[in-house]
Amino acid sequence: MKKLYFLTLVAGMVGLFAISANAFDLVNKLGVGVTGGIFIPTNGNVTTDSTVADFFDAGPSWGIRLKYGIVKGLSAETGFNYSYIKIKDEVNEDPVNEPYLNMPEFYLDGVWELNGLFHNSNNIWNPFLKAGVSLYPWKLTEDGIDGVAQTGETGETFSKTSFGLNFGAGLEVFASSQLSIFTESKYHYIYTQDEEKLGADFDNTGYLDIVGGINYYFPL
């Protein structure tokens, strides 16, 4: 009986070790994730004397993502995020309407998994860095989250698909070899400037998003 108990205990420890040891082995695994959080305007002029931070409140952000482990310590991630931020009441010249900056994002990022640089208990903590490129088909609406785009002084609408760069960092915690929760923050630098279409005052703009989410990994 004692021998059976000992063998069962050893088998259980080996199984637990195998799960822990493989928790960060994301090579040839496909992760599917969902996120939610906050989108914060930070820098870049909207008018000569107002930045996006002066002009807009923070707003919600949601997303879906796919992540694939290329080699140990390096993954590729692609996804879609949807965020919107409301113009501040004190700068809104038309109190009848509620203009929003509607900011969808399609992105492709490289993710550097940093767990190999640290010794952590049970091998379940995975800090990471990420950077990549994005496309933002944004618009500044006249009224409502998905209203029609405003028209500027040039006669063109305040809408455009802009290229951008993003980089950030986060922490992923594995509940099992397939399921993890994570939090991350990314800075977005978006090339929104277009003097011919939007006028000379509208600059390249920057935003920060802070999100949390869940990943589920499928071995391929």
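Without hydrogens or angle criteria, E113 side chain to L74 main chain gives no donor-acceptor distance under 3.5 Å. With hydrogens and angles ignored, the 3.5 Å screen pairs a side-chain donor or acceptor of D143 with a backbone N or O of E98. Remark: the backbone N or O of D203 is paired with a side-chain donor or acceptor of T192 at under 3.5 angstrom. Put simply, the side chain of N204 never gets that close to the backbone of Y189: no donor and acceptor are under 3.5 Å apart.
Using a 4.5 Å cut-off between side-chain heavy atoms of Ile, Leu, Val, Met, Phe, Trp and Tyr, V96 forms no hydrophobic cluster with any other residue. As a member of the Ile/Leu/Val/Met/Phe/Trp/Tyr network built from side-chain separations under 4.5 Å, Y107 groups with nothing else and remains a singleton.
The side-chain heavy atoms of R65 and D109, taken from C-beta on, include no pair separated by under 4.5 Å. With a 4.5 Å cut-off on side-chain heavy atoms, I85 and D57 do not count as touching.
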Please list, one pair per line, the donor and acceptor atoms closer than 3.5 Å that link side chains of residues 208-220 to other protein atoms, with sequence neighbours excluded.
{"residue": "D209", "atom": "OD1", "partner": "K186", "partner atom": "N", "Å": "3.2"}
{"residue": "D209", "atom": "OD2", "partner": "H188", "partner atom": "NE2", "Å": "3.0"}
{"residue": "N215", "atom": "ND2", "partner": "E172", "partner atom": "OE2", "Å": "3.3"}
{"residue": "Y217", "atom": "OH", "partner": "K67", "partner atom": "NZ", "Å": "3.4"}
{"residue": "Y217", "atom": "OH", "partner": "E172", "partner atom": "OE2", "Å": "2.7"}

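Residues satisfying the side chain to side chain donor-acceptor pair (under 3.5 Å) criterion with S162, sequence neighbours excluded, are W138. For E142, the side chain to side chain donor-acceptor pair (under 3.5 Å) criterion is met by no residue, not counting sequence neighbours. With sequence neighbours left out, the ring pair (Phe, Tyr, Trp, His ring centres under 6.0 Å) criterion links Y100 to Y84.
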Mind running side-chain contact (heavy atoms from CB on, under 4.5 Å) on L129 and L114 for me, showing each step along the way?
CA-CA 8 Å; L129 299 174; L114 300 178; 3.9 Å; yes
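Other residues, nucleotides and ligands contribute over 12 non-hydrogen atoms within 6.0 Å of the CD atom of E90.
The hydrophobic cluster containing W62 also contains F106, counting ILVMFWY residues as joined when their side-chain heavy atoms lie under 4.5 angstrom apart, directly or transitively.
Residues F202 and F158 bring their aromatic ring centres within 6.0 Å.
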